[in-house]
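Sequential numbering from 1 along the given sequence is applied to the chain's residues. If you're wondering where the values come from, they're calculated on a predicted model, not measured in any experiment.
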Amino acid sequence: MADLVVAPMLVAFGMAAGTLLLRGRARLQRGATVLGAAVYAAVVGLLAYRTVFAPEATGAVAYQIGGWPAPFGITLVVDALSAFMLSMTAVVTLFAAVVSVRFIDPRNQQVYYHPLFGFLLVGVTGAFLTGDLFNLFVWFETMLMASYVFVAFYGDAQHTAAATRYVVLNVLGGIFMLLSVGGLYATVGTLNMADMAVVLADPTGIETAPVVGFSALVLATFALKAGLVPFQFWVPSAYRAAPLPIAAMLAGVTKKVGIYAIIRLYFTVFADASLSTPFFGGDSPLAFLAPVLLVMAAASVLVGGLGAVSRSHLDGLLAYSSIGQVGFIAAPVAVAAATVSDSLRHLAIVAALIYALHHALTKSLLFFSAAVIRDTAGTTRIADLGGLAERSSLFAATFFVAGLSLIGVPPLVGFFGKFVVFEAAVVRLAAAPTVASVGLLAVLLAGAFLTLVYSTRAWTECFWGTPTEAVETDPVDRRLVAVVATLAALVVLVGVGFEPVYTFADAAAEAALDTEAYVDAVAPGGDTT
């Protein structure tokens with residue numbers, strides 16, 4: 001089983017290297033990307049089965065690269081949480097690969113599109129599997145370096161400006177993270193996350209006061225990667241500049257790396273730490289995380305929702321919507337940090353994970369749908385669209401399913417995502433009827449209403465009425481529609497067959513909160529020092 005842990009990394013590396021070697025043979029290169037994404041999905045599926053669903057499920061398993069034991073070597077760790085995130089990544093990646101082959105102009109796919117796609121996947125996979133903070137930084141940068149090129153992909157002034165903003169903000173974020181990683185190493189004496197958890201649980205002889213400050217820098221970096229307010233400024237321009245299949249990857253996958261990192265670091269590594277947080281009234285970094293992340297989440301829900309309502313282009317609407325929806329993911333994480341109840345903390349992490357899955361599938365479906373619209377009409381300007389339903393009833397049904405899921409209509413996956421998030425907020429309100437708890441519930445209700453408004457607007461203005469001149473210009477790509485419709489069917493299927501999805505999320509939340517199991521996986525017996 002330990003050898004299987006490294007398999008997703010090897011497949012992603014193989015896809016990136018293979019497509020680079022095939023840069024002069026376009027058809028083989030495109031085929032290698034799709035084949036690589038399919039193999040990646042199969043390997044991740046096997047890993048998830050062996051980790052969670054098999055009768056002899058192994059739970060957390062570590063792979064020590066080169067045979068060097070932790071904390072001295074490079075460690076890859078898979079547990080239910082990382083398997084959940086990898087599974088989400090595998091689905092979005094497979095569809096993004098197929099849509100890229102059909103949607104991107106063949107001339108623009110030559111040379112570097114497919115290798116960069118592979119290296120983007122390498123960075124994401126490494127971030128979900130790594131067992132130490134420094135390599136988390138390395139995989140973050142690998143992921144971002146590929147995305148920098150994609151944001152500047154089309155090369156005109158607008159895209160170059162978007163890429164410049166994106167690069168500057170993320171380089172600053174990288175600097176903050178590197179400073180915090182160095183500070184944590186100087187303070188704790190290790191960067192292996194299991195080893196750090198052991199040291200912080202019993203910090204005898206260590207001055208741990210700086211840990212809270214360095215963890216705040218790490219949080220700022222993760223929030224920047226996730227696009228949370230006030231670090232959301234790069235999101236709208238970057239999503240509009242990148243090719244739409246890549247925008248789906250940025251929204252559906254790379255944003256989740258930031259959320260995953262917050263959950264992993266604060267709940268697996270820092271949760272048992274006894275540290276002074278005088279300004280936040282607690283003895284754990286969670287006392288700092290809770291109010292800060294709550295404000296970020298609430299602001300993201302409102303800024304994203306209001307921004308989406310006022311956008312004139314569909315891709316801009318989806319970009320702002322992504323800011324708001326990631327707020328729905330962060331909100332239950334804040335609830336988990338704020339509570340001392342084990343059951344509520346577990347429920348809140350489950351809610352965050354289920355909503356993350358919903359957002360990955362539904363928002364990717366909407367960005368892929370935007371690709372169909374641009375391929376058909378040559379624009380995503382909402383005023384120039386209309387009557388798309390007359391061009392393709394299957395595509396209209398596909399977009400309708402995506403809109404309903406985003407709103408949260410049963411039995412689609414979006415319904416369960418919103419339901420569990422609201423359940424966590426209501427349980428928190430009942431347990432602690434504070435102004436913050438009431439305010440969070442009110443913001444979530446406002447965000448749900450705004451989602452209804454902009455989703456309804458997108459559907460009615462793009463699909464109802466008589467086809468506009470732009471819509472009538474080119475035929476609808478039936479194969480591309482079929483691919484997108486398949487993802488819509490999956491959104492329905494995940495909702496209808498939700499029980500195993502909940503089981504998976506439940507196991508992932510348990511893994512996030514079970515520090516002892518994580519430590520034992522990295523170094524049996526729990527002593528990594």
Closest heavy-atom contact between P332 and A348? O-CB, 3.1 Å
Provide the closest heavy-atom pair for V43 versus A7 in the form atom of the first, atom of the second, distance. CG1-CB, 3.5 Å
Between the main-chain N or O of V522 and the side-chain N or O of Q64, is there a donor-acceptor pair closer than 3.5 Å? yes
Which residues satisfy the salt bridge (Lys or Arg N to Asp or Glu O under 4.0 Å) test with R240, sequence neighbours excluded? D315
Between S180 and M177 (side chain of the first, backbone of the second, donor and acceptor by atom type, cut-off under 3.5 Å), is there such a pair? yes
Heavy atoms, side chains only, cut-off 4.5 Å: are V199 and M196 in contact? no
Between T268 and T515, is there a donor-acceptor pair closer than 3.5 Å when you use the side chain of the first and the backbone of the second? no
Residue list, ring pair (Phe, Tyr, Trp, His ring centres under 6.0 Å) with F267, at least two apart or on another chain: none
Do K225 and N170 come close enough that some side-chain heavy atom pair is under 4.5 Å? yes
Suppose we screen for side chain to side chain contact (heavy atoms under 4.5 Å, CB included). Which residues come up paired with V98, at least two apart in sequence or across chains? V34, V483
Within a radius of less than 6.0 Å around CZ of F176, do more than 12 heavy atoms belonging to other residues, nucleotides or ligands occur? no
What do the steps show when you test L120 against T254 for side-chain contact (heavy atoms from CB on, under 4.5 Å), and what is the final call? CA-CA 9 Å; L120 180 66; T254 64; 4.0 Å; yes
Measuring only between side-chain heavy atoms, which start at C-beta, is V269 closer than 4.5 Å to M193? yes
Just jot down the ring pair (Phe, Tyr, Trp, His ring centres under 6.0 Å) partners of F222, sequence neighbours excluded, or say none. F140
Could I get the full list of ring pair (Phe, Tyr, Trp, His ring centres under 6.0 Å) partners for F233, not counting sequence neighbours? none
Rounded to the nearest 0.5 Å, how far does CG of L361 lie from CG of L487? 6.5 Å
What I'd like to find out is whether the side chain of L219 reaches to under 4.5 Å of the side chain of Y266, using heavy atoms alone. yes
With a cut-off of 6.0 Å (strictly less than), are more than 12 heavy atoms of other residues, nucleotides or ligands near OH of Y154? yes
Non-hydrogen atoms of A251 and F367 that approach each other most closely: CB-CE1, 3.8 Å
Please name the pair of heavy atoms, one in V92 and one in S364, separated by the smallest distance, quoted to 0.1 Å. CG1-OG, 3.4 Å
Taking side-chain hydrogen bond (donor to acceptor under 3.5 Å, both in side chains) as the test, write out the residues that go with H346, two or more places apart. D506
For a 4.5 angstrom cut-off between non-hydrogen side-chain atoms, does F84 reach L357? yes
Working to the nearest 0.5 angstrom, can you tell me the gap between L136 CG and L191 CG? 10.5 Å
Looking at Y113 and S100, what are the two nearest heavy atoms and their distance? OH-OG, 2.7 Å
What distance separates Y454 OH from L314 CG, expressed to the nearest 0.5 Å? 11.5 Å
With a 3.5 Å distance limit and no angle check, can you tell me whether S321 reaches the backbone of L317 through a side-chain donor-acceptor pair? no
Would you please name every residue forming a side chain to side chain contact (heavy atoms under 4.5 Å, CB included) with L306, sequence neighbours left out? L450
Please name all residues satisfying side-chain hydrogen bond (donor to acceptor under 3.5 Å, both in side chains) with S147, sequence neighbours left out, ordered by chain then number. Y166
Rounded distance [0.5 Å steps], CE in M15 versus CG in L121: 4.5 Å
Enumerate the residue pairs fulfilling side-chain hydrogen bond (donor to acceptor under 3.5 Å, both in side chains) with a member in residues 116-134, sequence neighbours excluded, ordered by first and then second residue. Y40-T125, D132-N135
Does H358 have any side-chain hydrogen bond (donor to acceptor under 3.5 Å, both in side chains) partners at least two apart in sequence or in another chain, and if so, which? T362
I'd like to know if the side chain of S310 reaches the main chain of G307, judged simply by a donor and an acceptor atom lying under 3.5 Å from each other, with no hydrogens or angles considered. yes
Please report the closest heavy-atom contact between A162 and V151, naming both atoms and the distance. C-CG1, 3.9 Å
To the nearest 0.5 Å, how far apart are CG in L81 and CD1 in I263? 6.5 Å
For the pair T51 (side chain) and A80 (backbone), establish whether a donor and an acceptor sit closer than 3.5 Å, ignoring hydrogens and angles. no
Please answer whether the main-chain N or O of L20 pairs with a side-chain N or O of R23 as donor and acceptor at a distance below 3.5 Å. yes
For a 4.5 angstrom cut-off between non-hydrogen side-chain atoms, does L169 reach F231? no
Those residues that, when tested against Q109, pass side-chain hydrogen bond (donor to acceptor under 3.5 Å, both in side chains) (two or more places apart): H114
For atom CZ of F134, is the number of surrounding heavy atoms from other residues, nucleotides or ligands below 6.0 Å larger than 12? no
Would you say W139's side chain and L129's backbone share a donor-acceptor pair under 3.5 angstrom? no
Is a donor on one side and an acceptor on the other found under 3.5 Å between the side chain of R345 and the backbone of T339? yes
Would you say F150 and F117 make side-chain contact, with heavy atoms under 4.5 Å? yes
Reported CG-to-CD1 distance for the pair L228 and I259, which is rounded to 0.5 angstrom: 5.5 Å
Are F270 and S215 side-chain neighbours, meaning at least one heavy-atom pair lies under 4.5 Å? yes
Derivation of the ring-ring contact (aromatic ring centres under 6.0 Å, His included) call for F103 and F368: CA-CA 9 Å; F103 171 71; F368 295 147; 9.7 Å; no
Worked check of side-chain contact (heavy atoms from CB on, under 4.5 Å) between I323 and K255: CA-CA 10 Å; I323 296 170; K255 271 196 169 190; 4.3 Å; yes
Taking the side chain from Q232 and the backbone from G227, do they hold a donor-acceptor pair closer than 3.5 Å? no
Name all residues meeting the ring pair (Phe, Tyr, Trp, His ring centres under 6.0 Å) criterion together with Y260; count only those two or more places apart in sequence or in a different chain, and write none if there are none. F128
